[in-house]
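Please read the structure below before turning to the comments.
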Number of protein chains: 2
Amino acid sequence: MDTTVVSARRRIEIYRANVGNGGLDNCPIRTVVQNISGKWSALLLMALAERPYRFGELRRLVPDISQRMLTQTLRDLQRDGYVRREVFPTKPPSVEYSLTDLGRSMYDAIQHLFHWAENNHQQVRAARVEFDAAED
Amino acid sequence: MDTTVVSARRRIEIYRANVGNGGLDNCPIRTVVQNISGKWSALLLMALAERPYRFGELRRLVPDISQRMLTQTLRDLQRDGYVRREVFPTKPPSVEYSLTDLGRSMYDAIQHLFHWAENNHQQVRAARVEFDAAED
DNA sequence: CTGTATCCCCTATGATACTG
DNA sequence: CAGTATCATAGGGGATACAG
């Protein structure tokens, strides 16, 4: 817990040092968080953490994602180095997506949050209900 | 790492079981992730993980946040149960924000990702540069 | 000091149709 | 099968002014 506190202060100081010439743009945390907080990113990361998937497989696995967002989310994850895209010259061509080492490493880190969410989301929902009820 | 894989599959299965009647809305992970992925949420959580802050203090600590977003982000964090808001009847009134136990617990979980980001954001940036350069 | 109320813009997401 | 292109929409976020 002391580690938490000291770390938090240092992070803020680093952020403040960059305000004015970059600010959040240079923030390590936002660099990472911004591109994995999309609507479908976590879901696709979880799928690929299990095993490699082809494009169409992912589409069927996540039935309510639009083709556009599947393409775009995968591309963003690939751009950040989390996902590897391999094209196989079958006919018609097939494309396989898989986690890179960097992606797996990041997944191991974000997994703590996923796990927390599974254990505590009811408390969060309850807090929302209570907050909304308290509004006059 | 077997834990990772098995867990990921179960999470996807839980998600798929809800597609059609709720889907992402009932997803524990999105319930949590959606409201801490805002532009300023992580920064404010880190500040409050250090110590309680007054509204004006936070404003000076994070000079480039608009008053509107400071108010709104704090309110969202409070609504989810992460932040406690206390009004002191001074003149003029002052308001103090602090982490709740739930907030501190969540912070401990998300901290792993923050730590990863600090250690690996250069690799992510490098991956982006490489990806962009490969575009014709 | 700590907010609320407007107005405005930009980006993320979605629906649909088309292509190698 | 695995995408692109185009158009439309909603919400996040900022600037500014006002209020208790």
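Naming convention: chains lettered A, B, ... in sequence-line order (proteins, then strands); numbering from 1 in each chain. Computed from heavy atoms alone, side chains included, the values below leave out hydrogens, waters and symmetry copies.
Formation of a donor-acceptor pair under 3.5 Å by the Arg79(B) side chain with backbone atoms of Ala127(A) is not found in this model.
The interatomic distance linking Glu96(B) (CD) with dG3(C) (P) rounds to 12 Å, in whole Å. Atom CD in Gln34(A) sits roughly 11 Å away from atom P in dT11(C) (whole-Å rounding). Atom CG in Leu43(A) sits about 13 Å away from atom P in dT13(C), given to the nearest Å. Separating the CE atom of Met69(B) from the C1' atom of dT11(C) is a distance of 14 Å, rounded to the nearest angstrom. Computed from coordinates, the Gln67(A) CD to dC18(C) C1' distance equals 11 Å when rounded to whole Å. For Leu44(A) and dT13(C), the CG to C1' distance is 14 Å, given to the nearest whole Å.
Within residues 70-84 of chain B, no residue has any heavy atom closer than 4.0 Å to DNA chain D.
Nearest to the side-chain atoms of Lys39(A) among the listed nucleotides dG14(C), dG3(C), dA17(C) stands dG14(C).
Looking at heavy-atom distances under 4.0 Å, Tyr97(B) makes contact with sugar-phosphate atoms alone, never a base.
Nearest-nucleotide positions on DNA chain C for Val95(B) and Ser37(A) put Val95(B) closer to the 5' end.
Under the 4.5 Å side-chain heavy-atom criterion for Ile, Leu, Val, Met, Phe, Trp and Tyr, Met69(B) and Leu48(B) are members of the same hydrophobic cluster. When the side chains of ILVMFWY residues are joined at heavy-atom separations under 4.5 Å, either directly or via intervening members, Phe131(B) and Val32(A) end up in two distinct hydrophobic clusters. In the hydrophobic clustering of ILVMFWY residues, with side-chain heavy atoms under 4.5 Å counting as a link, Tyr97(B) and Val87(B) come out together.
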Using the rule given for salt bridge (Lys or Arg N to Asp or Glu O under 4.0 Å), can you reason through Arg51(A) versus Glu57(A), listing the C-alpha separation, both sets of side-chain angles and the distance that settles it, and then say yes or no?
CA-CA 11 Å; Arg51(A) 65 168 176 85; Glu57(A) 286 183 310; 3.7 Å; yes

I'd like to know whether Glu96(B) forms a salt bridge (Lys or Arg N to Asp or Glu O under 4.0 Å) with Arg84(B), so could you lay out the CA-CA distance, the side-chain angles of the two residues, the decisive distance to 0.1 Å, and finally the verdict.
CA-CA 8 Å; Glu96(B) 187 180 275; Arg84(B) 173 174 34 246; over 6 Å; no

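Using cut-offs of 30° and 60° on the angle between ring planes, the pair His112(B) and His112(A) is parallel.
For the residue pair Asp101(B) and Tyr82(B), no side-chain donor N or O sits within less than 3.5 Å of a side-chain acceptor on the partner.
Within the helix from dC1(C)-dG20(D) to dG20(C)-dC1(D), the inter-axis angle between the opening and closing five-pair segments is 50°, rounded to 10°.
Reading DNA chain D from its 5' end, the first and the last nucleotide to sit under 4.0 Å from a heavy atom of chain A are dC1(D) to dT6(D).
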Between the protein and nucleotides 6-9 of chain C, which nitrogen or oxygen pairs are less than 3.5 angstrom apart?
{"from": "dT6(C)", "atom 1": "O4", "to": "Arg68(B)", "atom 2": "NE", "distance (Å)": "3.3"}

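The phosphate of dC1(C) has neither OP1 nor OP2 within less than 4.0 Å of any side-chain N or O from Arg54(B).
In this view, Thr71(B) satisfies the side-chain hydrogen bond (donor to acceptor under 3.5 Å, both in side chains) rule with no residue, not counting sequence neighbours. Partners of Arg128(B) under the side-chain hydrogen bond (donor to acceptor under 3.5 Å, both in side chains) rule, at least two apart in sequence or in another chain, are Asp80(A).
A heavy-atom distance below 4.5 Å is found between the side chains of Leu61(B) and Tyr53(B). Between Ile65(A) and Leu43(A) the shortest side-chain heavy-atom distance does not fall below 4.5 Å.
Residues Arg11(B) and His115(A) come closest through the heavy atom pair NH2-N, 3.7 Å.
For the atom pair Leu58(A) CG and Leu70(A) CG, the distance stands at 5.5 Å (nearest 0.5 Å).
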